[in-house]
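As structure tokens, the structure follows; a few thoughts come after it.
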Amino acid sequence: GQQVMQIPQYQHVQEGEDFTTYCNSSTTLSNIQWYKQRPGGHPVFLIQLVKSGEVKKQKRLTFQFGEAKKNSSLHITATQTTDVGTYFCAGLGGGGADGLTFGKGTHLIIQP
Amino acid sequence: EAQVTQNPRYLITVTGKKLTVTCSQNMNHEYMSWYRQDPGLGLRQIYYSMNVEVTDKGDVPEGYKVSRKEKRNFPLILESPSPNQTSLYFCASSPLGSLTDTQYFGPGTRLTVL
């Protein structure tokens with residue numbers, strides 16, 4: 001079945017440093033979504049990427065979808081303590097027939 | 001307020017005692033899904049439903065049942081719970097266009113099976 005690998009599992013940064021998490025799928029994806037989960041909370045949708053090579057920005061967050069639609073990244077510029085949490089990517093298989101497959105997430109820990 | 005609700009939020013039970021976790025959404029979404037979240041394993045999909053009376057297995061369906069008799073509700077049933085089903089469970093819903101859209105997650109149900 002479809003697998004979505006996400007790295008790193010943990011990332012410690014100093015406040016103000018940049019952060020990037022990467023996702024790779026074993027198969028071509030129809031789309032990829034990104035979610036953030038604060039400690040003790042539930043996943044909250046951030047964005048969806050659909051087109052090959054797509055780049056979207058939300059303030060300090062930049063999301064990319066690879067040309068082959070098999071990989072994606074989330075980059076946060078100048079992290080703040082409010083960015084703490086776990087970031088998940090989730091891929092929908094080609095043809096839309098499969099359910100959504102989540103990566104295992106990247107835990108972002110920020111040291112003031 | 002648009003939301004996904006789950007009940008109960010916390011449950012401690014014993015092996016073999018049937019239980020149901022309810023999920024309800026008030027957004028008229030076609031797509032609903034159940035996930036379990038375990039440390040180091042992330043979110044894994046149990047079952048999903050594209051619409052009423054349409055359900056499909058996700059990645060880890062063993063030991064679970066679901067039903068979708070009406071659009072707003074998608075209960076998760078554990079006929080004979082076992083300790084390896086101790087986990088944090090999330091229900092989610094989304095509108096269904098040509099591609100899966102934003103998923104809205106419920107607050108979670110923390111289940112402990114002794």
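Throughout, protein chains are lettered first and strands after them, A, B, ... in sequence-line order, and every chain is numbered starting at 1. Predicted, not measured: the structure shown is a model, and the values here were computed from it.
Neither the backbone nor the side chain of A:Q6 comes within contact range of chain B; no heavy atom of the residue lies under 4.5 Å from a heavy atom of that chain. Using a 4.5 Å cut-off between heavy atoms, B:D56 does not touch chain A at all. Neither the backbone nor the side chain of B:Y104 comes within contact range of chain A; no heavy atoms are under 4.5 Å apart.
For the set A:P43, A:G105, A:G41, A:G103, the count of heavy-atom pairs under 4.5 angstrom toward chain B peaks at A:P43.
Heavy-atom neighbours of B:L41 CG from other residues, nucleotides or ligands within 6.0 Å: above the threshold of 12. Summarising the local packing, CE of A:M5 is surrounded by 12 or fewer heavy atoms from other residues, nucleotides or ligands at distances under 6.0 Å. Applying the 6.0 Å contact sphere to CZ of B:R110 captures no more than 12 heavy atoms from other residues, nucleotides or ligands.
Hydrophobic clustering (side-chain heavy atoms under 4.5 Å, transitive across Ile, Leu, Val, Met, Phe, Trp, Tyr) groups A:L74 together with A:L108. Both A:Y87 and A:L49 sit in one connected hydrophobic cluster of ILVMFWY residues. Membership requires side-chain heavy atoms under 4.5 Å apart, directly or through other members.
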Would you be so kind as to tabulate the donor-acceptor pairs closer than 3.5 Å made by side chains of residues 74-82 of chain B, with sequence neighbours excluded?
residue, atom, partner, partner atom, Å
B:E79, OE2, B:K65, NZ, 2.9
B:S82, OG, B:N84, OD1, 2.6

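Across every non-hydrogen atom of B:F105 and A:H42, the tightest pair is O-CD2, 3.5 Å. Heavy-atom minimum distance, A:Q37 versus B:Q37: OE1-NE2, 2.8 Å.
Atom OG of B:S94 and atom CD of A:Q33 lie 7.5 Å apart (nearest 0.5 Å).
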